Amino acid sequence: MQPLLSSPRFSLSLTSQNSHFCHFFPSTTSTLKFLTAKTKTLIPTSIITMSISTPSSSSSSSSQPKEDLHNENLIQVLKYHNQTKHNFDKYARGPHGLDWANQPNPFRRYLSAPLLPLLHFPTQTEPQKNQTLQQNPDDAYAPLYSSLFLSLPPPKPISHSTISQFFYDSLALSAWKSTGYSTWSLRVNPSSGNLHPTEAYIIAPPIESLSNSPFVAHYAPKEHSLELRAEIPSGFFPNFFPENSFLVGLSSIFWREAWKYGERAFRYCNHDVGHAIAAVTMAAAGLGWDVKLLDGLGYVELKKLFGLEVFPEFKFPSRPVKGKFPEIEFEHPDCLLLVFPNGVGKQFDVNYKELSSAISEFSKLEWKGKPNLLSKQHVCWDIIYRTAEAVKKPLVIGDRLEIDPFKSSGVRNEGSYKGFTVREVVRKRRSAVDMDGVTAIHRDTFYQILLHCLPSGCGSGGKQRRQLALPFRALPWDAEVHAVLFVHRVTGLPAGLYFLVRNEDHFHELKNSMSSNFAWAKPDGCPDDLPLYGLDTSSGSLKDSLYYRLSEKLSCHQEIASHGCFSLGMVARFESTLREKNTWMYPRLFWETGVLGQVLYLEAHAVGISATGIGCYFDDPVHEILKLKGSDYQSLYHFTVGAPVLDKRIMSLPAYPGPSIDT
């Protein structure tokens, strides 16, 4: 995910300087510059209003049968997904240029809410080496990154120090960058275009030096502080959750991403949610804490729990509109994560019906702070909000919280890692903007990276399916995402096309759905418990490889996809999943790709190279390469891993304290 540099400034081609009225956008299909034909998309002219805050679980279902509603939502999701595909002859609809005057503020603040400062820690820390340090709940030492995949350290108690470490290593700023007159921040959790649509909340019991009462707070990364939003009933945590646990909520501001990417932004927002889930899970693991998505709660419950009822109802039109409507800056509640001491196991369950009843009382709390304005003018890409409406998850009372034993994903090649602590890896993670096209990694390092991409761990002899290993164990569904790999520079491995099967129940379906010419052969030296297969390695050398240049073309002609050691596309079991598990799985499939992407980021940095996520790729041409037909499998995210080329014109500054200017 490449950072958005504030360099050449472009004005949005349809910007009006003197009117507060809404302007309707014509088709904004963008064509590749080497093509002459233009494809236009007709947009309906009627105006409708729909409430983005309408509960999908109660009012909608009461007026029509559930099956009809599911089919209606599925049609909307498939329409969105197909409409937002990039193809060789046209890109998905978006702004023709960037309206820099209205670039959204990347920092949400709740004005007048009390600010609770958190502690800061050195990035360079030695791993814990003796029992004395492990028993000190407030030490700032971090375990070795690679050790977390073998087992989690003993859990630390919740304190001002550990909560500070948790946010510092997951969602905080990691650096500031500066060149010329431009200055921008980077974060521990990556984001498409460095736009950061994801906001985070903590719901916690009393924590000494932070709050004497249980509370809800918004995390402010620029200040590395908590904004106290509300105090909650004292019985909330003892009634539902184990001791020494707390909740983290994630929400998305679609406008931040849509400002640059238009209609495709909904995809990218959900990539970012997945990256944030993995970032939270890894930071928690360093403190001996486990993480689980509480997916039984619905949209309505999360909105109340996070205090998002503060945002006015947003009614959206039937086609893209430019105008001044601050309601578009609302936060869409995505998910709720339970953070708890590892080793608790199945000693507790969550009664979602009673929990929902308790959360319903949160509307009566005294909520502090008013959300700041992010832009003066906006563009509403209506299909984003229509799709967000279609994928809202209702309360599911029958859902059970399953806490499975931790599964090791193995360290087969310790020599691949550079001895970094988890804090060094997560805080030094960067999105590469270019790769050198020369550096290679050994196949043992390649295999080690992929072992940590497996959902079920390794070494136990079982099939890959359930998500039991770090950080995938935060997700409650079986793995639905696989990876097609374009191998370029891996010593000891022929260049070509490979496939990593992350749910082996899908193996035969995948094999039968793809080209009959693919070999499906295990590569030399591949561990027995790594389901990696060579599909086409017939050319052998990089020079003769068809897939070297093809990987670049498929990723919107970006050289970074072919200049690394390998790149990949994440292929999800798609329409069948939406039909079987419901349409709310649509964003969750992107979450899973984001979690996988975060692992690739961290693994790359842990072995001494770099990586970047690629959201711009040509969807159906990827499927055509594999001979996938229909929409049972779809490519949802691309990634590249290799040696970065650093831009020496850009100066790096520490995250805290940041620049004195208001950036």
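Note that the structure is predicted; figures quoted are calculated from it, not measured. Along the sequence shown, residues carry numbers from 1.
For the pairing with L338, the side chain to side chain contact (heavy atoms under 4.5 Å, CB included) check across V291, L294, I403 returns one residue only, L294. Among the candidates K581, R588, R502, R465, the single residue satisfying the salt bridge (Lys or Arg N to Asp or Glu O under 4.0 Å) test with E480 is K581.
With T162 contributing its side chain and P157 its backbone, the two residues share a donor-acceptor pair below 3.5 Å. Side chain of T281 to backbone of I277: a donor-acceptor contact under 3.5 angstrom is found. Remark: side-chain polar atoms of E257 are not paired, donor with acceptor, to backbone N or O of F254 under 3.5 angstrom. Looking only at distances, no side-chain donor or acceptor of S245 sits under 3.5 Å from a matching main-chain atom of F340. A donor-acceptor pair under 3.5 Å is absent between the side-chain atoms of D334 and the main chain of C269, judged by distance alone. Here the side chain of N342 pairs no donor or acceptor atom with the backbone of D290 at under 3.5 angstrom. Remark: side-chain polar atoms of S164 are paired, donor with acceptor, to backbone N or O of L119 under 3.5 angstrom. With hydrogens and angles ignored, the 3.5 Å screen pairs a side-chain donor or acceptor of R429 with a backbone N or O of V188.
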Stepwise side-chain hydrogen bond (donor to acceptor under 3.5 Å, both in side chains) test for Y299 and E389:
CA-CA 10 Å; Y299 175 93; E389 189 78 20; over 6 Å; no

Stepwise, does the ring pair (Phe, Tyr, Trp, His ring centres under 6.0 Å) test hold for F246 with F166?
CA-CA 12 Å; F246 61 96; F166 169 76; 5.3 Å; yes

Audit row: F266, Y268, ring pair (Phe, Tyr, Trp, His ring centres under 6.0 Å) steps and yes/no:
CA-CA 5 Å; F266 187 69; Y268 300 160; over 10 Å; no

Please test Y601 against H275 for ring pair (Phe, Tyr, Trp, His ring centres under 6.0 Å), starting from the C-alpha separation and ending with a verdict.
CA-CA 10 Å; Y601 264 129; H275 280 287; 5.8 Å; yes

Should S185 and F107 be marked as a side chain to side chain contact (heavy atoms under 4.5 Å, CB included) after you check the CA-CA gap, both sets of side-chain angles, and the distance that decides it?
CA-CA 10 Å; S185 62; F107 301 112; 3.4 Å; yes

Go through F306 and F311 one step at a time and tell me if the ring pair (Phe, Tyr, Trp, His ring centres under 6.0 Å) criterion holds.
CA-CA 11 Å; F306 302 172; F311 293 97; over 10 Å; no

For side chain to side chain contact (heavy atoms under 4.5 Å, CB included), just list the numbers for W477 and D295, CA-CA rounded to whole Å, side-chain angles, deciding distance to a tenth of an Å, and then say yes or no.
CA-CA 10 Å; W477 58 84; D295 217 20; 4.2 Å; yes

Would you sort out whether R256 and E199 count as a side chain to side chain contact (heavy atoms under 4.5 Å, CB included), showing the intermediate values?
CA-CA 11 Å; R256 278 209 188 114; E199 296 293 329; 2.8 Å; yes

Walk me through whether Y352 and L297 qualify under side chain to side chain contact (heavy atoms under 4.5 Å, CB included).
CA-CA 7 Å; Y352 282 114; L297 294 176; 3.8 Å; yes

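Between the side chains of R423 and Q165, at least one donor N or O sits under 3.5 Å from an acceptor N or O. Side-chain atoms of T577 and Y586 form no donor-acceptor pair, as typed in the model, at a separation below 3.5 Å. Side-chain contact annotation: S357 with S360, donor-acceptor N/O pair under 3.5 Å absent. In this model, a donor atom of one side chain and an acceptor atom of the other lie less than 3.5 Å apart for E309 and S363. The closest side-chain donor-acceptor pair between S375 and W255 falls under 3.5 angstrom. With hydrogens and angles left out, the side-chain atoms of D272 and T198 include no donor and acceptor closer than 3.5 Å. No hydrogens or angles considered: a donor-acceptor pair under 3.5 Å links the side chains of H378 and E329. Checking E331 against Y201 by side-chain atom types alone, a donor-acceptor pair falls below 3.5 Å.
Put simply, the side chain of S409 does not reach to within 4.5 Å of the side chain of L454, judged on heavy atoms. Residues P394 and W584 are in side-chain contact: their nearest non-hydrogen atoms beyond the backbone lie under 4.5 Å apart. Taking the side chain as every heavy atom from C-beta outward, F325 and F314 approach each other to under 4.5 Å. At a threshold of 4.5 Å between non-hydrogen side-chain atoms, the residues Q464 and S456 count as touching. Residues L336 and V248 are not in side-chain contact: their nearest non-hydrogen atoms beyond the backbone lie 4.5 Å or more apart. Annotation: side chain of F406 is not in contact with side chain of L468 (no heavy-atom distance under 4.5 Å). Counting heavy atoms from C-beta outward, P197 and V273 have side chains that stay 4.5 Å or more apart. When side chains are defined from C-beta on, H218 does not count as touching L226, because their heavy atoms never get closer than 4.5 Å.
Comment: E227 does not engage R229 in a salt bridge, judged by the lack of any side-chain N to carboxylate O separation of less than 4.0 angstrom. Look at E223 and R109 and you find a salt bridge, because one of the NZ, NE, NH1 or NH2 atoms lies within 4.0 Å of a carboxylate O, short of that distance. Ionic pairing of D404 and R473 is not present here: no N-O contact between side-chain nitrogen and carboxylate oxygen is shorter than 4.0 angstrom. R466 has a carboxylate O that lies under 4.0 Å from a charged side-chain N of E402, or vice versa, which qualifies the two as a salt bridge.
By the salt bridge (charged side-chain N to carboxylate O under 4.0 Å, His left out) test, E354 pairs with no residue at all, sequence neighbours left out. Scored by the side-chain hydrogen bond (donor to acceptor under 3.5 Å, both in side chains) test, R187 finds no partners at all (sequence neighbours excluded).
Ring geometry for H224 versus Y656: interplanar angle of 30 to 60°, hence tilted. Using the six-membered ring where Trp is involved, H452 and Y145 have ring planes that are perpendicular, over 60° apart on the 30 and 60° scheme. The aromatic rings of Y385 and F330 sit tilted, their planes meeting at an angle between 30° and 60°.
Heavy-atom neighbours of E580 CD from other residues, nucleotides or ligands within 6.0 Å: above the threshold of 12. Taking a 6.0 Å sphere around NZ of K407, one finds it holds 12 or fewer heavy atoms contributed by other residues, nucleotides or ligands.
Rounded to the nearest 0.5 angstrom, N351 CG and N239 CG are separated by 10.5 Å. Here the straight-line distance linking atom CD of E361 with atom CD1 of I232 works out to 13.0 Å at 0.5 Å rounding. Rounding to the nearest 0.5 angstrom, the gap separating the NZ atom in K177 from the CH2 atom in W184 is 8.0 Å. Between atom CG of residue L578 and atom CG of residue L589 there is a gap of 6.0 Å, rounded to the nearest 0.5 Å. For the atom pair I203 CD1 and I359 CD1, the distance stands at 8.5 Å (nearest 0.5 Å). One finds the CD atom of E208 at 13.0 Å from the CD1 atom of I158 (value rounded to the nearest 0.5 Å).
The six-membered or imidazole ring of Y219 lies near that of F167, with a centre-to-centre distance under 6.0 Å.
Annotation: cation-pi geometry satisfied between R427 and Y168 (NZ/CZ under 6.0 angstrom from ring centroid, within 45° of ring axis).
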